[in-house]
Undergrad: 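I have a structure here, written as structure tokens, and I will follow up with some questions on it.
In what follows, chains are A, B, ... by sequence order, proteins preceding strands, each numbered from 1. This is a predicted model, so every value here is computed, not measured.
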Amino acid sequence: MQLLLIHSDYIEYQTKKQTPVAEKIEESLKSGRLEEALTAFTAVESVDELNPEEAIEKAVSEIEKVAAQVKTDRIMLYPYAHLSSDLSSPKVAVEVLKGIEKALSGKFEVKRAPFGWYKAFTVSCKGHPLSELSRSIRPEGTAKAVCKTVAVEEKEEVVSEALKAEGTARSYWRILTLDGELHEVESFDLTPYPKLQKFVNYEMSKSRAVERAPPHVELMRRLELADYEPGSDSGNMRYYPKGRLVKSLLENYVLDVATDFGAMEVETPIMYDMNHPTLKKYLDRFPARQYSIESDKRQMFLRFAACFGQFLMNHDMTISYKNLPLRMIEMTRYSFRKEQRGELVGLRRLRAFTMPDMHTLCEDMDQAVNQFKQQYDLCIDVLENMGIHVDDYEVAIRFTRDFYESNKDLVISMAKTVNKPVLVEMWDTRFFYFVLKFEFNFVDALDKASALSTVQIDVENAERYDISYASADGKLERPTVLHCSPSGAIERCIYALLEKAAMETEEGKVPMLPLWLSPTQVRVVPVSEKHLSFAEEFSKKMDCRVDVDDRDLSIGKKVREAGREWVPYVVVIGDKEIEEGTINVTVRSESEQNKPKKVQMTPEELNTRIKEETAGKPYRKLPLAKYLSARPKFF
RNA sequence: GCCGUCGUGGCUUAGCGGUAUAGCGGCUGAUUCGUAAUCAGCAGGUCGGGGGUUCAAGUCCCCCCGACGGCUCCA
């Protein structure tokens with residue numbers, strides 16, 4: 001059955017002429033009007049004939065749900081054959097319509113327009129998004145009930161077909177355990193895996209009640225990392241020097257890792273022609289909303305990933321099988337997605353974000369699968385080095401049924417690698433461009449989940465972009481393409497680190513960023529002005545981001561503020577240090593709340609310690625004045 | 001996009017019909033100090049923007065903007 005539901009100021013109809021299938025009606029029903037009503041345009045279809053009772057029940061339930069949403073208690077049931085090309089017999093249609101009318105009439109004021117008449121009608125639609133909804137109702141069994149919800153947009157918003165298709169994609173959820181078994185989610189005991197449970201709830205039940213703002217929002221401001229920018233569009237943030245530093249370090253780290261992995265860094269435009277034939281098709285296959293802008297007479301869109309630029313580049317390249325697997329990466333600053341307003345929160349979901357986007361061209365599916373495995377391991381490693389451990393996220397693996405049937409071992413090995421059950425989603429048919437993908441989903445302090453790293457096997461775009469390589473026997477072949485974001489969005493990594501720190505604070509731990517990401521690594525606190533020159537001397541020996549708190553404040557206050565800034569090493573310098581030549585270091589990573597851990601060491605020892613802890617990680621200089629007295633406050 | 005809550009100096013905030021509180025921060029001065037807030041003084045606000053009601057509006061009403069939460073949606 002097809003339903004088109006219109007929340008209207010009023011609906012009015014007038015019968016004109018009978019068709020051969022017209023039902024016999026009283027004079028009073030030949031016209032009708034209902035104010036403030038939900039009008040349900042209904043087409044009963046041939047599949048409904050199998051089980052009319054069920055069709056009635058489902059339709060009633062859908063109508064009731066929508067009526068509750070738009071808060072109306074009047075319903076106009078309006079037969080509308082043009083909603084379907086596969087109609088039921090008129091007899092069944094009338095039976096179903098009457099059934100719906102009867103079931104609704106207890107709770108609502110219901111009117112039903114007569115079946116089988118040509119009618120003139122006027123409907124005044126309220127125009128809010130929920131005011132125009134369509135529902136497809138399918139009987140259980142033949143094709144599991146899929147209720148399609150497509151808000152009919154009153155404005156010309158660009159919503160890709162893929163985005164719409166997602167509403168109709170039919171999928172099965174399972175838990176995959178280490179023994180390779182797939183379990184029904186409902187009957188699987190998730191209590192030993194609280195985080196997975198939260199993630200599963202988040203994905204499936206969509207119950208996301210939250211009683212407070214996410215803690216990272218306060219932290220990103222207090223640590224002077226990032227802030228909202230009222231002068232821009234929502235979801236476009238400003239980053240203060242410390243935030244820019246942390247982002248640079250993370251970006252450089254991912255680029256370094258990708259380079260070691262064999263990827264070539266490239267840069268591609270941020271805007272593209274919406275009417276470019278290849279891009280246009282791709283837009284319709286990617287579930288995202290775009291910003292569109294005008295340039296001269298051309299309609300452009302802002303990229304939401306680096307796929308476009310890299311694929312267009314690949315298209316023009318001469319590639320031999322000897323060059324495969326061929327990897328390219330771009331740190332997209334920015335990728336733009338015009339997310340809905342209500343979805344934007346702090347650094348978790350943005351409209352402009354930095355995404356490391358790597359693509360790998362592979363000879364065939366075998367090589368792709370092999371690469372996929374390697375990149376899966378790579379992603380785990382990248383997050384681990386950022387301070388996000390396997391315990392901090394849950395794995396989701398999504399694939400088509402066909403792919404799974406022929407690659408069970410791969411999927412099972414992925415669960416084994418992380419040594420815990422994973423959530424699996426399987427599609428009967430391929431709705432998207434990929435046949436396999438995974439994401440690592442970080443579960444935050446409020447039990448919300450968001451995807452970080454992801455890898456996908458793309459079987460569509462080589463063809464679409466006409467990318468080819470010369471095989472050993474000289475023929476042109478289509479590569480299989482992998483999409484990979486080793487860390488996920490950089491801003492989202494910061495969000496995850498801050499949320500993790502907030503959760504640790506709640507557990508009574510002392511929060512901090514990994515040393516290599518800490519803006520200030522060593523803070524020097526001279527006891528009084530006369531120790532300042534020695535503090536300066538000491539700071540010069542430090543081979544890291546060191547600053548000096550030369551403000552005229554008590555020691556207690558300066559130490560407290562260093563703590564509030566999560567400074568990993570705090571060194572107080574006074575007469576004793578000058579005499580003895582050793583320093584007293586407060587080590588944050590070994591401290592407990594209200595119990596600072598203080599260690600006596602030489603400047604050289606501290607230097608060595610920091611070098612070891614940051615080995616292999618990128619380094620950037622302190623982007624702020626060394627003396628705190630010379631530093632502005634950002635808010 | 002819809003519904004709800006909120007929006008007072010750089011930050012946090014009191015006031016909820018009679019032209020505005022306090023703390024932090026800033027500035028000035030004193031203090032030269034040993035690990036979670038040294039003392040004193042000064043400056044800084046047409047209470048998110050616009051419109052309306054009233055003799056009188058942060059305070060009541062309407063519209064807009066922004067943030068947060070829910071719905072919806074999603075890497």
Undergrad: Report yes if a side-chain nitrogen or oxygen of A:Ser554 is closer than 4.0 Å to either non-bridging phosphate oxygen (OP1 or OP2) of B:U38; otherwise report no.
TA: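 For B:U38, OP1/OP2 do have a side-chain N/O of A:Ser554 under 4.0 Å.
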Undergrad: Give the nucleotide from the list B:U35, B:C33, B:A67 with an atom nearest to the side chain of A:Ser234.
TA: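 Minimum distance to the A:Ser234 side chain belongs to B:A67.
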Undergrad: Within less than 4.0 Å of OP1 or OP2 of B:A37, is there a side-chain N or O belonging to A:Lys558?
TA: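 The answer is no; no side-chain N or O of A:Lys558 sits under 4.0 Å from OP1 or OP2.
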Undergrad: Record whether the side chain of A:Arg349 comes under 3.5 Å of the base of B:C74 through a donor-acceptor pair of N or O atoms.
TA: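 Indeed there is one.
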Undergrad: Do A:Asp552 and B:U32 share a donor-acceptor pair, side chain to base, under 3.5 Å?
TA: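 Between B:U32 and A:Asp552, which were checked side chain against base, a qualifying N/O pair under 3.5 Å is absent.
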Undergrad: Would you classify A:Leu344 as touching base, sugar-phosphate or nothing, given that sugar-phosphate means primed atoms plus P, OP1 and OP2, and contacts are heavy atoms under 4.0 Å?
TA: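 The residue A:Leu344 makes sugar-phosphate contact but no base contact.
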Undergrad: Would you indicate what A:Asn441 reaches in the nucleic acid, counting non-hydrogen atoms under 4.0 angstrom: base, sugar-phosphate, or nothing?
TA: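 No contact.
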Undergrad: Please report the distance separating the C1' of B:U12 from the corresponding atom of B:C2, rounded so that it comes out in whole Å.
TA: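 So the two C1' atoms sit 32 Å from each other.
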Undergrad: At 4.0 Å (heavy atoms only), tell me whether A:Gly488 reaches a base, stays on the sugar-phosphate, or touches nothing.
TA: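 It contacts nothing in the nucleic acid.
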Undergrad: For A:Asp458 and A:Gln456, does a side-chain donor sit closer than 3.5 Å to a side-chain acceptor?
TA: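 There is no such pair (donor and acceptor under 3.5 Å, judged by atom type) between the side chains of A:Asp458 and A:Gln456.
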Undergrad: Could you give the distance separating B:A37 and B:C33 at their C1' atoms, to the nearest angstrom?
TA: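 So the two C1' atoms sit 14 Å from each other.
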Undergrad: Which nucleotide in the set B:C33, B:C11, B:G69 lies at the smallest distance from any side-chain heavy atom of A:Arg221?
TA: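 Nearest listed nucleotide: B:C11.
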Undergrad: Is the NZ or CZ atom of A:Lys437 positioned over A:Phe399's six-membered ring, under 6.0 angstrom from the centre and within 45° of the axis?
TA: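 No.
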Undergrad: When you measure from the centre of the six-membered ring of A:Tyr569, is the NZ or CZ of A:Arg588 under 6.0 Å away and within 45° of the axis?
TA: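 No, A:Arg588 and A:Tyr569 do not form such a contact.
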Undergrad: Go through the N and O atoms of the side chain of A:Glu577 and the base of B:G34, and report whether any donor-acceptor pair is under 3.5 Å.
TA: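 Under the 3.5 Å cut-off, the side chain and the base do form a donor-acceptor pair.
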Undergrad: For A:Tyr495 and A:Asp444, test the side chains for any donor-to-acceptor distance below 3.5 angstrom and give the result as yes or no.
TA: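 Short answer, yes.
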